[in-house]
Amino acid sequence: MDRRTVLKGLAGVGSLAATGGLSMPALSQGAAARTLRFVPQANLANFDPIWGTQYVVRNAAALVWDTLYGLDATLQPQRQMVESEEVSDDGLVWTFRLRPGLKFHDGEPVRSKDVIASLARWSARDPMGLMLKAIQNELTAVDDRTFKWALKAPYPKMLLALGKNSTPCAFIMPERIAQTDPFKQIPEYVGSGPMKFAKGEWVPGAKAVFEKFADYAPRQEKASWLAGGKQMLVDRIEWVVIPDPATAAAALQNGEVDWWESPITDLVPSLKKNRNINVDIADPLGNIGSFRMNHLHPPFNDVKVRRAVLAALSQEDYMRALVGDDTALWKPLPGFFTPDTPLYTEEGGEILKGKRDLATAKKLLAESGYSGQPVTCVVAQDQPITKAQGDVTADLLKQIGMNVDFVATDWGTVGSRRAQKTPPGQGGWGMFHTWHAGADCISPAAYNAIRANGDKAWFGWPTSEVVEKEVTAWFDAKNLDEEKAAAKRLNKAAMEDVVYAPTGFFLSYTAWRKNISGIAKGPLPFFWGVSKTA
Amino acid sequence: MSISTSSTAPVPPGLVIAPQLPDLMVPVAIRRGVFGFLRNHPTVAIGGALLLCLVLVGIFAPWLGTVDPTALAPGRRTRLPSADFWFGTDLLGRDIYSRVLYGARVSLTVGLSVAVLASLAGLAIGLVSGFVRWADGIVMRFMDGLMSIPPILLAVALMALTRASVGNVILAITIAEVPRVSRLVRSVVLSLREQPYVGAATASGTRTPMVILRHILPNTLAPMLVQATYICASAMIVESILSFIGAGTPPTIPSWGNIMAEGRALWQVKPYIVFFPAAFLSVTVLAVNLLGDGLRDALDPRMAKSL
Amino acid sequence: MVSYILRRILSTLPVMGIVALFVFSLLYIAPGDPAAVIAGDQASPADVERIRQGLGLDRPFLVQFGTWLWHILHGDLGTSIFTNLPVSAMIAQRIEPTFSLMAITLVLTILVAVPLGVAAAWKAGSWVDRTIMAFAVFAFSLPVFVVGYVLAYVFALQFEWLPVQGYTPLAAGIWPWLQNLILPALALGSVYIALIARITRASMLEVLQQDYVRTARAKGLGQRNILFVHALKNAAVPIVTVIGIGIALLIGGAVVTESVFAIPGLGRLTIDAILRRDYPVIQGIVLLFSFLYVLVNLMVDVTYTLVDPRIRY
């Protein structure tokens with residue numbers, strides 16, 4: 001795992017002071033330098049990281065709420081709120097001790113009962129939490145700083161579950177808030193993280209403000225992703241929501257904002273030309289593009305049709321449509337796990353490699369008895385990633401002679417329509433597009449999309465006993481070699497059944513003005529250690 | 001974004017203001033033949049000719065040196081305009097020239113369909129509420145309600161209800177435009193009903209359908225024609241805005257709004273993607289507006305004199 | 001007069017009621033589902049259903065509508081599904097930018113359009129008239145986002161005179177407030193300027209041909225006097241009318257302008273709410289817009305009596 005320590009390296013630090021544009025706000029120089037203005041990938045529309053699991057909510061929540069453990073840049077969970085832990089020899093009883101001096105933003109100390117209520121709410125929603133809940137004997141407080149989690153079966157991935165960065169993270173909230181029904185929204189936003197949420201200044205769709213929490217006690221280690229000392233070097237972070245990328249680019253060039261989380265690739269060359277701006281890869285773990293076919297209904301209930309689509313699919317087309325001409329930003333992905341991570345394998349991925357084979361695709365399609373039934377392809381137009389993929393898919397299906405019923409709509413509609421199990425003609429669907437953060441696809445732990453347990457599986461409801469067997473094998477694995485072997489068999493089975501169609505692996509950029517330093521590469525924007533000079 | 005508002009100022013009941021609906025009469029000019037008419041009304045000629053050209057471009061798009069406007073080629077995306085790609089290529093490598101030419105079909109179809117449908121629906125509703133006293137209150141309150149929702153928002157909401165398709169775009173814009181036409185028709189009907197000859201016809205036992213056919217329709221035609229051109233122009237702009245905010249024509253069909261929506265993020269670095277469809281849209285709307293202005297002047301002699 | 005205004009206000013109630021019912025039914029049959037948006041991409045179908053129940057979206061239509069109406073009658077617009085903030089508070093946050101944009105657009109429009117229209121009418125048929133009208137027809141034909149992008153490119157990016165995006169509250173000072181609004185107001189106003197200039201010209205022409213204006217001319221009254229005292233005063237009624245209905249046009253245009261210039265106003269709130277299916281917010285805003293529309297029309301009617309004393313109620 002040496003390789004990944006490289007990821008820890010902080011991105012280049014510019015020393016040139018930016019020239020303030022005409023439009024610098026009327027703040028004093030000092031105050032301006034203590035305020036970081038950040039353009040997030042999306043609007044922060046709600047702020048309950050357990051109830052709502054969009055990435056943008058998680059990213060904001062990581063400022064306000066702390067976690068017991070935190071994944072570091074080597075993908076290892078490290079102690080964060082926890083001072084020490086102990087596991088019984090049989091692996092059934094975990095005892096955790098909290099660090100002294102932890103405080104919530106309302107001044108109350110963090111106690112075991114807060115942790116227990118938070119874990120109870122989280123485990124009702126999180127896939128790993130649900131597994132823990134299923135084998136839980138009891139979760140109890142020993143004293144104010146010590147709590148015990150007794151299980152019916154060993155759970156070796158315990159620390160990963162508590163420290164992972166895939167949504168929903170196990171954020172710790174005060175007991176009174178954590179007692180909220182996990183399917184209802186929390187009423188207040190009090191955490192023990194390094195920043196306080198300024199609810200009064202929140203303008204959903206436009207602005208969210210975070211203020212430094214003076215009583216936060218960071219760890220002594222160096223910060224690394226969600227682990228280590230979360231030292232805040234600015235007093236105030238303003239999230240400025242700019243829905244239009246052209247406007248966001250202009251605002252960054254003009255110095256109206258300091259950091260743009262996800263600039264679109266086509267604008268990056270002009271940003272790079274600006275001497276006040278740095279651009280770099282945001283997250284080496286990148287993203288995996290995906291479209292899912294409905295395994296319940298014709299034509300995609302036939303594995304031959306799914307294989308036909310895979311045989312014709314050109315990942316290069318998808319990737320170019322997504323990230324443009326910058327070849328450094330994407331690579332083909334004949335597998336399901338994140339490239340350059342331990343479990344990555346191309347086992348069974350031959351069908352996605354080499355020259356695209358329209359003839360085989362058409363032959364498979366003919367063998368399946370496909371006779372021109374319309375394929376209901378539901379595409380969200382308000383998400384650039386799904387939109388671009390949808391355009392390519394429409395063209396792909398047309399080329400292999402499938403009859404596409406292209407339903408262009410918005411994410412709100414896709415979100416509800418994909419949950420329909422009815423046939424496509426009766427409100428259901430045939431295929432939809434999405435993407436997964438590479439950080440979530442490093443293992444089956446938080447990787448819903450790879451599961452194939454039929455009705456309980458993710459949308460598309462694939463059924464494959466082999467896939468499920470290998471997922472269990474991974475969870476039970478004692479060491480990395482066993483994990484790797486399980487992942488290989490899993491990848492092959494998932495490819496044969498076409499659990500879903502990976503459209504490629506792509507990276508995205510992040511861009512900031514040169515008077516900002518300390519931006520770390522990772523699956524979410526980390527604000528600790530980031531500083532700003534006037 | 002309703003341009004049509006210009007000729008249908010809502011008039012509070014019982015209030016007569018100066019230049020309400022002009023006294024309309026069958027244009028004298030028409031009797032002098034089409035060419036004479038066009039010579040007297042150059043704006044109609046210019047607008048009409050431009051519009052005709054665009055209609056022809058739309059119809060004959062496949063034979064005007066175009067390629068498949070939906071054929072993807074991600075390998076040659078965002079190319080500058082050149083001899084091969086006259087207007088360049090878009091983010092998916094599609095030929096913008098072909099897309100713009102085919103896009104004329106969508107804009108014109110939407111513009112013309114909405115103009116016709118909104119006029120017919122507005123005519124029917126306007127006639128009903130002008131003649132049927134008890135329905136008037138209900139219908140007009142409902143129209144007031146519809147009208148009080150900004151047309152764009154109404155159209156966006158209606159599009160959210162259904163799936164993106166040209167038909168639904170037409171329907172959504174039509175629904176948003178109907179209240180304005182029905183108000184116009186109603187006000188014409190109400191003012192005509194007060195005319196002695198209409199009163200005489202009713203008194204002498206002529207049935208309402210006959211009154212409508214003989215006296216009302218001919219007098220409504222002229223203002224409606226003018227109104228229809230503005231609705232047409234407005235509909236084309238609304239279509240582009242709907243597509244622009246992602247709630248319009250489906251992306252599988254090239255439309256000017258779609259092309260601009262897809263290119264909008266790159267307007268700083270690749271302005272041509274937005275420029276060509278924007279130019280075509282502007283010229284088309286311009287043509288329709290010129291036609292409308294010309295018709296209004298021609299059909300309203302008092303105005304015509306002053307030009 | 002007072003009783004007239006009261007009657008008018010009362011007559012708006014059924015209109016608002018119809019709007020409320022109409023919008024509520026639209027949203028009820030709309031396909032999207034806020035629960036699915038909230039649950040996020042990785043959520044399981046069962047989670048989505050539980051969230052739906054938590055939001056009360058599984059109740060029958062009449063129950064939902066009744067509950068909502070009951071709250072409205074008690075002055076409660078409800079709570080946003082997503083943000084958990086009161087709808088009234090979310091609208092209040094967004095009113096200032098939108099109203100500022102509309103006010104500046106309106107002022108700008110009247111300052112530019114009315115003189116242009118008057119000039120065109122006075123010099124009817126001359127090159128002045130033709131130029132102004134050509135400009136008007138052209139500006140009329142440009143979609144607002146095209147104008148917005150061009151203005152931002154030239155004045156914000158090339159010359160760097162004005163900021164590209166954002167909004168500064170009026171409380172931060174007149175100039176910071178104004179500089180964020182000049183470009184959006186110009187973009188939004190272009191169509192509007194064209195419209196008002198044309199109407200002003202047409203109304204002026206009408207009035208200029210009236211006997212009393214001819215008499216005034218014959219009497220040798222000064223041109224300026226005739227134009228601004230006699231003619232413009234009489235032409236004011238249709239101009240005011242158009243300004244009134246233009247509010248609906250402005251709101252529509254504001255949706256696009258706000259999104260191009262990243263102004264946190266009501267227009268963007270509406271689009272966001274529609275895309276996310278945040279029902280209470282959509283309903284609240286539509287009610288507000290309808291109310292505004294009705295209110296402005298009322299104000300226009302009252303203005304008639306001020307600009308034209310011949311009109312009596």
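Reminder, nothing fancy here: chain letters follow the sequence lines and each chain counts from 1.
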### Task
Supply the atom-to-atom distance T79(C) OG1 to Q185(A) CD, rounded to the nearest 0.5 angstrom.
10.0 Å

### Query
Counting only heavy atoms not in W70(C), do more than 12 sit closer than 6.0 Å to its CH2 atom?
no

### Summary
Nearest heavy-atom contact between W51(A) and F82(C) is CZ3-O, 4.0 Å

### Task
May I ask you to decide if I186(A)'s main-chain N or O and N84(C)'s side chain share a donor-acceptor pair within less than 3.5 Å?
yes

### Message
Under 4.5 Å from any heavy atom of chain C, what part of D48(A) do you find: side chain, backbone, both or neither?
### Response
neither

### Contacts of K184(A) that satisfy side chain to side chain donor-acceptor pair (under 3.5 Å) - sequence neighbours left out
none

### Task
Please look at K207(A) and chain C and tell me whether the side chain, the backbone, both or neither of the residue comes under 4.5 angstrom of a heavy atom of that chain.
neither

### Query
What heavy-atom pair brings L85(C) and K199(A) nearest, and what distance separates the two atoms?
CD2-CE, 3.8 Å

#### Entry: chain C contact via L44(A) - side chain, backbone, both or neither, heavy atoms under 4.5 Å
neither

### Task
Identify the residues of residues 87-97 of chain C whose heavy atoms come closer than 4.5 Å to a heavy atom of chain A, ordered by number, or report 'none'.
M90(C), Q93(C), R94(C)

## Note on the structure
When rounded to the nearest 0.5 Å, the distance separating CG of N43(A) from CZ of R268(C) is 7.5 Å

### Task
Please state whether the side chain, the backbone, both or neither of V241(A) comes within less than 4.5 Å of a heavy atom of chain C.
both

### Task
Specify which of A246(A), A250(A), A206(A), A45(A) makes the most heavy-atom pairs with chain C at under 4.5 Å.
A45(A)

## Note on the structure
Tightest non-hydrogen contact, residues L162(C) and N254(A), listed as O-ND2, 4.2 Å

### Neighbour count above 12 (heavy atom, 6.0 Å) for F65(C) CZ
yes

### Query
Which region of Y167(C), side chain (C-beta onward) or backbone (N, CA, C, O), has a non-hydrogen atom less than 4.5 Å from a non-hydrogen atom of chain A, or is it both or neither?
neither

